[in-house]
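Scroll down for the structure; my scribbles are underneath it.
FYI, the numbering just counts along the sequence from 1.
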Amino acid sequence: MTQDAPTPDGAADAAREALAAYLPEFYAAVGEFPDLHVEPGLSDADIAALEARLDFRLSDGLKKLLREFATISMNGLSVRAAHFGPIVMPSSEALIIGELYLHNPGDRLLMLPNDETVYYLEQRNGAITKLADSLENFFNHTLPRHLYG
């Protein structure tokens, strides 16, 4: 008996199932959104290479998320490992992990080295707000609250 390679739709379905298991409250809120896009995670070697390229120590929670998903995006939210980058602000060690449209398009999600806290940067005025004490709380509790406020 041979096993067929997963089709792109099969891979997308598997990634959505993994998202439902890993972030159940988030998935319950957005799982039916047609623009929800999820990509399978990174290997430990890929994560180490990402840390080396960025010269940034990722938190354990962010590494855990990246092992599951390289991308979670939909209208107004984008967390894509391929787009992670340093923030260009004086005296800042923050890493941009994504975009979130709470107030303005292009506002950023930030994390600090080896810190689980998720912050929100309003591009227009430079205000930084703590959103959640971990990525799991951000996706499962904070984000659904903002989506359905």
Side-chain angles (χ1 to χ4, degrees), residues 8 11-149:
D13 290 344
R16 282 178 169 260
E17 288 175 17
L19 185 64
Y22 189 77
L23 299 168
E25 292 93 345
F26 173 70
Y27 190 78
V30 303
E32 298 302 317
F33 287 18
D35 65 339
L36 176 62
H37 178 74
V38 184
E39 292 179 7
L42 304 175
S43 69
D44 286 336
D46 290 335
I47 292 170
L50 179 65
E51 282 184 308
R53 179 179 63 81
L54 296 170
D55 191 24
F56 188 90
R57 174 85 170 115
L58 303 176
S59 70
D60 290 340
L62 184 53
K63 288 179 189 179
K64 185 177 174 185
L65 181 82
L66 291 175
R67 284 183 191 102
E68 296 292 327
F69 314 102
T71 296
I72 300 173
S73 66
M74 59 187 216
N75 187 30
L77 171 70
S78 176
V79 176
R80 298 172 191 246
H83 297 164
F84 285 9
I87 190 166
V88 182
M89 287 179 73
S91 304
S92 177
E93 297 181 59
L95 179 71
I96 298 169
I97 64 161
E99 292 186 4
L100 178 62
Y101 183 177
L102 286 183
H103 302 295
N104 304 291
D107 285 351
R108 308 281 192 230
L109 293 171
L110 307 176
M111 292 185 82
L112 296 172
N114 208 28
D115 184 353
E116 300 296 332
T117 308
V118 178
Y119 297 94
Y120 178 71
L121 169 65
E122 291 181 61
Q123 292 282 86
R124 187 172 21 176
N125 62 15
I128 297 175
T129 307
K130 178 181 174 180
L131 286 180
D133 59 3
S134 71
L135 279 163
E136 284 188 38
N137 283 339
F138 167 72
F139 279 104
N140 279 329
H141 302 290
T142 305
L143 194 54
R145 221 176 34 241
H146 284 290
L147 291 172
Y148 296 105

With E17, which residues qualify under salt bridge (Lys or Arg N to Asp or Glu O under 4.0 Å), at least two apart? none
Is there side-chain contact between V30 and E32, with at least one heavy-atom pair below 4.5 Å? no
Does the distance from a Lys or Arg side-chain N to an Asp or Glu carboxylate O, for E51 and K63, drop under 4.0 Å? yes
For the residue pair V118 and T142, establish whether any side-chain heavy-atom pair is separated by less than 4.5 Å. no
Side chain to side chain contact (heavy atoms under 4.5 Å, CB included) partner of V79, the single match among L109, L135, L62, L66: L109
Mark yes when over 12 heavy atoms from residues, nucleotides or ligands other than R53 sit less than 6.0 Å from its CZ; otherwise mark no. yes
Less than 6.0 angstrom separating the ring centers of H141 and F26, yes or no? no
Indicate yes or no: at least one non-hydrogen side-chain atom of K130 is less than 4.5 angstrom from one of Y120. no
Does the pair L95 and L54 meet the rule for a side-chain contact (heavy atoms from CB on, under 4.5 Å), with working shown? CA-CA 9 Å; L95 179 71; L54 296 170; 3.8 Å; yes
Does any part of the side chain of I96, heavy atoms only, come nearer than 4.5 Å to the side chain of L110, both counted from C-beta? yes
Listed once per pair and sorted, the ring-ring contact (aromatic ring centres under 6.0 Å, His included) pairs that draw on residues 39-59, sequence neighbours left out: none
Say whether, by atom type as modelled, one donor and one acceptor occur between the side chain of S78 and the main chain of S73 under 3.5 angstrom. no
Do D107 and L102 have side chains that get closer than 4.5 Å, going by heavy atoms? no
Please step through side-chain contact (heavy atoms from CB on, under 4.5 Å) for the pair L58 and I47, ending with a clear verdict. CA-CA 9 Å; L58 303 176; I47 292 170; 4.0 Å; yes
Is the backbone of D60 close enough, under 3.5 Å, to the side chain of E116 for a donor and an acceptor to pair up by distance? yes
With a 4.0 Å cut-off on N to O distance, would you call K64 and E136 a salt bridge? yes
Close side-chain approach of T117 to L131, heavy-atom, < 4.5 Å: no
Are Y22 and L65 side-chain neighbours, meaning at least one heavy-atom pair lies under 4.5 Å? yes
Any donor-acceptor pair under 3.5 Å linking the side chain of D35 with the backbone of N75? yes
